Amino acid sequence: MAKYNPVKVEAKWREIWEKNKTDSVDLDKAKKPFYNLMMFPYPSAEGLHVGNVFAFVGSDIQGRHKRLLGYDVFEPMGFDAFGMHSENFALKTGRHPARMVPKNIVHFREDQLKKMGLGLDWDHQVDTTSSDYYRWTQWMFVTLYKNGFAHKAKGQVNWCPGCKTVLAKEQVIEDKCERCSSVVEKRDMEQWYFKTTAFAEELLTKLDDLDWSERTKLAQRAWIGKSEGADVVFKLENGEEVTVFTTRPDTLFGATYMVFSPEHPLLDAITAPEREEELGKYRTEARAMSDADLGNDKREKTGVFTGAYAINPANGKRIPVWAADYVLMGYGTGAIMAVPAHDERDFEFAKKFGLEIVEVVTPPPGTPGVGETAYAGDGFLANSGPFDGLPAKTEGARRIVETLAAKGAAKFVTRYRLRDWCVSRQRYWGPPIPIIYCDKCGVVPVPEKDLPVELPFMEDFRPDGSGHSPLHGNEEFYRTTCPECGGPAVRETDVSDNFLCSAWYFYRYPSTDFDDRPFDPARTKKWLPVDLYVGGNEHAVLHLLYSRWLCKALHKAGHIDFDEPYKKFVAHGIIVKDGAKMSKSKGNIINPDDYVNEFGADAFRVYLMFMGAYLEGGDFRDGGVKAMKSFLDRLATAVSPGAGPLSDEPPTGSALLYVLHSTIKAVGSDIDRFSYNTAISRIMELVNHATKNKIRSREVSSVIIRLISPFAPHLAEELWEELGNRESVFKSSWPEHKEEHLARPEVEYVVQVNGKLRDRVNLAVGLSNEEIDEKVMNSPAVLKWIEGKELVKKIYVPDKLINLVVK
RNA sequence: GCGAGAGUGGCGGAAUUGGCAGACGCACCGGCCUUAGGAGCCGGCGGUCGAACAGACUGUGGGGGUUCAAGUCCCCCCUCUCGCACCA
């Protein structure tokens with residue numbers, strides 16, 4: 001077999017694998033379970049994106065490698081088909097998601113995924129829109145509710161006018177809807193929340209022990225946003241009290257004014273009558289502004305004096321209270337003590353409005369004075385009464401807080417930026433929130449026996465922007481009876497965020513054959529937590545954070561005995577096309593089908609993995625897939641008995657054995673560290689070596705086939721069969737390298753003079769310095785550079801290099 | 001602004017601990033084979049000087065430093081990508 005026809009060969013193996021269930025695993029009998037998870041896609045009408053293929057292939061290589069290493073690999077796939085992506089597309093094209101999604105799923109699975117050579121176990125797929133699945137999504141909701149992790153609350157929410165629903169904070173990117181890019185508005189609404197903040201500290205500290213991509217952990221840490229400081233109570237002159245949060249309680253004596261967020265509820269009560277008009281205007285303007293505008297720290301500070309005064313609890317001074325939009329309602333208490341001498345924002349504000357600036361931390365000599373800028377560093381306290389001279393951030397902060405704490409006016413606190421997860425969506429295409437409202441019994445979760453709460457088919461599913469889901473207008477759905485008292489009741493009509501569906505799907509895969517429980521305890525014990533999860537880092541603070549949180553909640557509720565869902569998470573890179581991001585408008589979208597049909601899935605897979613570092617991403621160039629097809633042809637020619645007889649004698653010759661065994665070793669470790677591009681290049685070198693030296697050996701062929709098999713499974717299988725094997729190559733074993741062949745009798749020494757390469761000499765390994773000298777010092781190429789010069793020093797790097805330093 | 005990562009031939013990219021820069025591939029050039037080639041095989045390929053597959057110099061964003069030796073370590077600067085961003 002020289003040139004092979006990928007279309008025929010791949011179809012043949014697809015059929016055999018499916019028939020023999022090569023990629024299925026016996027979930028109960030498996031001895032060395034390895035749960036290899038990839039992020040299930042949403043089955044869009046556009047079809048599988050090349051980014052999906054890149055992610056899946058990179059994950060599949062791990063799965064196949066592990067299989068060859070003797071693990072029982074479980075590699076399932078499913079469809080994340082609920083949610084606004086599907087629904088928005090349906091709205092745009094005038095098709096109903098309930099009709100469109102099943103077709104998309106079939107297309108994804110039969111025409112695309114199955115042609116990619118992924119070793120997927122299709123006996124355990126999930127579809128989040130099927131009631132067998134979302135029944136348990138609803139069970140999750142009820143379970144969370146019963147354990148105090150779900151509650152309904154009124155508050156400010158992010159409203160997307162495009163999608164006509166509220167969004168979670170995580171789904172607002174730079175002030176825009178993650179799905180439709182509309183600018184998000186603030187609204188006050190009553191919504192369902194999951195208590196993500198309950199595990200803020202655990203979500204943060206547990207990151208330290210996780211074997212995850214560092215950048216993913218970094219993103220989660222930043223999002224959780226822990227900050228330690230103190231709450232301090234300020235009394236207002238009208239008798240009201242207001243608490244502020246500060247990370248710098250040591251600077252309390254320097255607090256010369258207070259600032260309230262324009263949205264602060266206490267403003268109405270404290271504003272002096274003569275200031276009301278101006279303040280009202282300011283608050284209206286601020287309300288109209290988007291979060292992005294408010295969050296822009298380059299914008300000039302604005303603010304209005306309220307006419308009210310507060311008392312600084314540290315020194316009893318009377319300080320003015322201002323309202324300014326640089327204080328955000330969404331963080332801390334919505335009010336701050338302003339210390340212009342030691343905070344840049346306060347400094348800028350104080351300068352603009354002529355407010356007092358008092359330095360209470362002495363900067364080290366040479367630091368610009370307080371007149372010019374704020375000093376945020378550490379130092380010793382000054383102008384701070386009894387605390388003068390104390391080291392500010394440590395002893396000073398402690399003593400000041402303790403002193404005030406005695407009067408109940410301060411305490412150390414830790415705050416997080418993380419907010420509770422807003423999960424209600426005023427949309428149609430999602431799992432209905434399983435809650436019933438009864439006048440007599442109040443909020444009643446739907447009992448487990450009544451699940452699922454089926455999503456009724458509605459021809460018109462358009463969101464109307466009323467603040468209710470379209471389900472609200474469906475009387476048959478909306479009106480129900482109370483499961484507790486049997487009286488008339490109404491259903492919650494919002495559906496839950498699609499991210500709830502995806503927060504738990506990996507518990508379901510091993511248990512899809514149970515219809516009376518979301519996940520079977522024994523199966524779960526055997527297979528979870530997930531051994532390896534490969535996916536995009538864009539989900540760092542969405543899916544990955546939500547699913548970690550849900551895991552902790554389920555753990556706390558006693559449903560599972562672990563509290564982290566993924567042992568290892570690897571964030572793959574992003575593919576660009578010719579150096580630019582792919583986008584529909586640029587017309588540079590890669591359609592995987594085109595390449596698979598022309599060059600085969602194997603060539604496409606190998607190219608995707610070869611074009612760049614998997615963890616960094618890569619630059620897709622059109623010619624690449626073809627080049628990989630010809631590499632696979634060359635490989636086939638080199639190893640196939642069809643292209644010329646193979647010798648049954650074991651390979652000999654130290655050069656060949658060295659190349660063979662060092663390649664085995666390198667490819668294995670490259671796969672382990674996701675360095676697929678170098679792994680492939682090592683296989684290329686081995687193939688080149690075999691071709692060039694006309695090596696035709698059964699054993700060499702067997703090694704090469706197994707090394708390439710995780711990358712090009714169909715071709716490997718075909719060649720493996722040609723070699724006379726009856727069982728799948730994936731039932732064989734990963735080749736083992738022998739250290740003895742890596743030891744070379746002779747190595748090439750680099751001879752440097754003053755660090756410059758001047759000669760190369762082949763020498764036996766393990767020579768003494770004297771023996772090296774003998775061989776090296778008389779070489780004409782070296783003599784030329786050292787003759788007549790004083791030899792100052794000789795540096796020996798064993799079996800590698802000698803550097804002669806001359807003057 | 002803060003945090004992280006990156007900057008290497010015409011191009012994609014290698015270089016795990018400081019030790020031969022440019023592996024592997026694309027493109028290109030030369031040769032062989034061919035009725036033909038968007039096929040295959042052999043060879044070349046950072047730059048400058050040079051007749052040269054002789055040799056030398058130079059070269060990993062820019063500048064400085066440490067070292068026998070720097071793409072790799074340290075300091076300053078520039079550019080790009082990503083994350084967070086008036087978070088008190």
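Chain identifiers are assigned alphabetically (A, B, ...) following the order of the sequence lines, protein sequences preceding nucleic acid strands; residue numbering begins at 1 within each chain. Bear in mind that the values here come from a model prediction, so they are computed numbers and not experimental data.
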Might you work through the side chain to side chain contact (heavy atoms under 4.5 Å, CB included) test for Leu204(A) and Arg221(A), ending with a clear yes or no? CA-CA 6 Å; Leu204(A) 185 69; Arg221(A) 282 195 191 102; 3.8 Å; yes
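- Across the interface with RNA chain B, nearest-nucleotide mapping of Met611(A) and Val327(A) shows Met611(A) to be the residue nearer the 5′ end.
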Output one line per pair: protein atom, nucleotide atom from nucleotides 57-60 of chain B, and distance, for all N/O pairs under 3.5 Å.
from, atom 1, to, atom 2, distance (Å)
C57(B), OP1, Arg758(A), NH2, 3.3
C57(B), OP2, Arg758(A), NH1, 3.2
U58(B), OP2, Lys756(A), NZ, 3.0

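- No hydrogens or angles considered: nothing links the side chains of Tyr416(A) and Ser227(A) as a donor-acceptor pair under 3.5 Å.
- With sequence neighbours excluded, no residue forms a side-chain hydrogen bond (donor to acceptor under 3.5 Å, both in side chains) with Tyr607(A).
- Listed in residue order, the members of residues 658-675 of chain A having a heavy atom less than 4.0 Å from RNA chain B are Ser669(A), Arg673(A).
- Nearest nucleotide to the side chain of Thr691(A), out of C86(B), C42(B), G5(B): C42(B).
- Contacts of Lys784(A) with the nucleic acid, taken as non-hydrogen atoms under 4.0 Å apart, involve only primed sugar atoms and P, OP1 or OP2.
- In summary, the side chains of Tyr595(A) and Asp622(A) do present a donor paired with an acceptor at a separation below 3.5 Å, with no hydrogens or angles considered.
- The listed nucleotides are C68(B), A88(B), C86(B); the one nearest the side chain of Tyr326(A) is C86(B).
- Atom name P, nucleotides C42(B) and C24(B): the rounded distance is 14 Å, in whole Å.
- Of the possible donor and acceptor atoms, one in the side chain of Lys352(A) sits under 3.5 Å from a partner among the backbone N and O of Lys301(A).
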Go through the steps for Phe54(A) and His572(A) under the test ring-ring contact (aromatic ring centres under 6.0 Å, His included), then give the verdict. CA-CA 9 Å; Phe54(A) 181 73; His572(A) 62 69; 5.7 Å; yes
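- Heavy-atom contacts from other residues, nucleotides or ligands closer than 6.0 Å to CD of Glu344(A) number 12 or fewer.
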Audit row: Leu801(A), Val751(A), side chain to side chain contact (heavy atoms under 4.5 Å, CB included) steps and yes/no: CA-CA 6 Å; Leu801(A) 168 147; Val751(A) 186; over 6 Å; no
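- Under a cutoff of 6.0 Å and an axis angle of 45°, Arg415(A) and Phe245(A) form a cation-pi pair.
- Spacing of C1' atoms, C33(B) relative to G40(B), comes out at 8 Å, to the nearest Å.
- For the strand RNA chain B, secondary-structure stems (runs of at least three Watson-Crick or G-U pairs, all distances below 3.5 Å) span B:1-7 with B:78-84, B:10-12 with B:24-26, B:28-32 with B:40-44, B:46-49 with B:55-58, B:61-65 with B:73-77.
- Side-chain N or O atoms of Thr306(A) include one that pairs as donor or acceptor with a backbone N or O of Val321(A) at under 3.5 Å.
- Comparing the P positions of G3(B) and C77(B) gives an interatomic distance of 13 Å, to the nearest angstrom.
- Using modelled atom types, one side-chain atom of Arg696(A) and one backbone atom of Ser640(A) make a donor-acceptor pair closer than 3.5 Å.
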Per-nucleotide protein contact string for nucleotides 18-23 of chain B (B base, S sugar-phosphate only, - none; heavy atom under 4.0 Å): -BB--B
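- By the 30° and 60° cut-offs, the orientation of the rings of Phe305(A) relative to Trp322(A) is tilted.
- Between Lys186(A) and Glu263(A) there is a salt bridge, with a side-chain nitrogen of the basic residue lying less than 4.0 Å from a carboxylate oxygen of the acidic one.
- Mapping Ala613(A) and Lys692(A) onto RNA chain B by nearest heavy atom places Ala613(A) at the nucleotide closer to the 5' end.
- At least one donor-acceptor pair under 3.5 Å links the side chain of Asn754(A) to the backbone N or O of Val806(A).
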Below 3.5 Å between N/O atoms, which protein atoms pair up with nucleotides 78-83 of chain B? Just atom names and distances, please.
from, atom 1, to, atom 2, distance (Å)
C82(B), OP1, Lys581(A), NZ, 3.2

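- Comparing the P positions of G55(B) and C73(B) gives an interatomic distance of 34 Å, to the nearest angstrom.
- A salt bridge links Asp773(A) with Lys794(A): the distance from a Lys NZ or Arg NE/NH1/NH2 to an Asp or Glu carboxylate oxygen falls below 4.0 Å.
- The residue Arg215(A) sits apart from the nucleic acid: no heavy atom pair falls under 4.0 Å.
- Remark: the backbone N or O of Lys176(A) is not paired with any side-chain donor or acceptor of Ser181(A) at under 3.5 angstrom.
- When distances are taken from the side chain of Val805(A) to each of C68(B), G5(B), A88(B), the shortest belongs to C68(B).
- Between the side chain of Tyr257(A) and the backbone N or O of Asp346(A) there is at least one donor-acceptor pair closer than 3.5 Å.
- Within 3.5 Å, no donor on the side chain of Lys794(A) pairs with an acceptor on the base of C68(B), nor the reverse.
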